[in-house]
Amino acid sequence: GVWRQTRALLFKNCLIKCRTKKSSVQEVLFPLFFLFWLILMSMMHPHRKYEEVANTDLGLLDTSVLVNFVIGYTPPTPVAREIMKKVAFDNFEDGLITEEYLSEEELEEASFLKPSNFVGVVFKDSMSYQLRFHDSIAMSSIYTESR
């Protein structure tokens with residue numbers, strides 16, 4: 001019973017494949033074509049490996065550049081306040097000016113009013129953020145990947 005039905009089904013499928021040669025060839029060649037295309041694209045844009053950079057002492061930070069510098073941040077969560085307090089007072093003796101904003105829109109408006117000495121920080125969560133400059137967005141990243 002089962003063997004006869006399986007054999008009949010296989011024979012029927014072989015007949016269908018023989019009668020529809022064009023679609024059968026397409027079923028085989030299209031995946032091979034796309035595989036070839038993916039291999040070609042990966043060879044054209046290889047991953048770049050960057051060498052490790054040794055730890056070096058960069059010397060003292062020139063704080064004269066940071067006079068009247070404003071760092072705005074949003075959203076005003078306790079974690080964000082703690083991080084910005086550390087940035088402002090632990091690294092600089094005079095401290096930086098930090099301002100908190102309730103939304104990203106308020107932060108953008110402030111960046112248009114003070115374009116030369118303003119940097120915005122948008123905290124996505126407690127471990128990631130985006131830097132907002134007057135005309136661009138810089139993503140925080142630990143490593144660089146090829147596109």
Side-chain angles (χ1 to χ4, degrees), residues 1-62 65-66 69-92 96-147:
V2 174
W3 172 245
R4 185 180 302 159
Q5 287 179 350
T6 305
R7 200 173 57 193
L9 184 61
L10 286 173
F11 182 69
K12 179 185 124 187
N13 286 339
C14 287
L15 282 176
I16 291 172
K17 291 295 179 187
C18 290
R19 290 178 184 164
T20 57
K21 289 182 175 131
K22 183 178 177 183
S23 65
S24 299
V25 168
Q26 286 177 348
E27 284 181 13
V28 173
L29 291 183
F30 275 161
L32 291 176
F33 171 74
F34 289 126
L35 180 64
F36 170 74
W37 187 254
L38 284 173
I39 291 170
L40 182 67
M41 293 301 290
S42 69
M43 289 172 57
M44 289 174 59
H45 300 287
H47 289 287
R48 292 191 180 126
K49 302 258 181 189
Y50 295 99
E51 295 298 320
E52 184 177 316
V53 177
N55 291 338
T56 58
D57 184 18
L58 299 176
L60 295 175
L61 178 65
D62 183 16
V65 179
L66 302 175
F69 201 74
V70 179
I71 300 177
Y73 65 95
T74 189
T77 61
V79 173
R81 286 187 187 110
E82 187 66 30
I83 291 171
M84 295 310 291
K85 188 168 77 172
K86 279 189 171 294
V87 167
F89 295 109
D90 289 356
N91 299 319
F92 307 99
L96 294 173
I97 301 168
T98 59
E99 298 175 354
E100 64 181 45
Y101 295 94
L102 297 176
S103 67
E104 289 186 46
E105 290 79 22
E106 288 182 22
L107 186 73
E108 288 179 19
E109 288 175 17
S111 72
F112 286 121
L113 295 175
K114 316 168 200 175
S116 62
N117 62 348
F118 186 86
V119 172
V121 180
V122 179
F123 289 96
K124 297 297 177 186
D125 54 38
S126 63
M127 298 301 282
S128 64
Y129 61 90
Q130 285 183 337
L131 294 178
R132 304 276 176 119
F133 297 99
H134 175 61
D135 56 353
S136 65
I137 298 173
M139 300 292 287
S140 64
S141 170
I142 298 172
Y143 58 91
T144 304
E145 318 179 10
S146 68
R147 293 178 188 212

From Ile83 CD1 over to Thr77 OG1, what is the distance, rounded to the nearest 0.5 angstrom? 7.5 Å
Rounded to the nearest 0.5 Å, the CZ atom of Phe34 sits from the CG atom of Leu29 at a distance of 11.5 Å
Just how far is it from atom OG1 of Thr74 to atom CD of Gln130, taken to the nearest 0.5 Å? 12.0 Å
Tell me the side-chain hydrogen bond (donor to acceptor under 3.5 Å, both in side chains) pairs involving residues 24-33, sequence neighbours left out? Lys17-Glu27
Can you sort out the partners of Ser23 under side-chain contact (heavy atoms from CB on, under 4.5 Å), two or more places apart, ordered by chain and number? Thr20
Quick one: side-chain contact (heavy atoms from CB on, under 4.5 Å) partners of Glu100, sequence neighbours excluded? Tyr73, Pro76, Arg81
Which atom pair, heavy atoms only, marks the closest approach of Pro31 to Val28? CD-O, 3.5 Å
Contacts of type salt bridge (Lys or Arg N to Asp or Glu O under 4.0 Å), residue Glu106, not counting sequence neighbours: none
Within the supplied structure, the quantity of interest is the number of heavy atoms (other residues, nucleotides, ligands) at a distance under 6.0 Å from Lys124 NZ; does it exceed 12? yes
Salt bridge (Lys or Arg N to Asp or Glu O under 4.0 Å) partners for Lys21, two or more places apart: none
Atom CD of Gln5 and atom NZ of Lys12: how far apart are they, to the nearest 0.5 Å? 12.0 Å
Rounded distance (nearest 0.5 Å) linking atom CD of Glu109 with atom CG of Leu107: 10.0 Å
Contacts of Leu38 meeting side-chain contact (heavy atoms from CB on, under 4.5 Å) (sequence neighbours excluded), chain-then-number -> none
Starting at CG of Leu40, measure out to NE2 of His45 and round the result to the nearest 0.5 Å. 9.0 Å
Taking all heavy atoms of Ala80 and all of Pro75, pick out the closest pair and write down the distance. CB-O, 3.5 Å
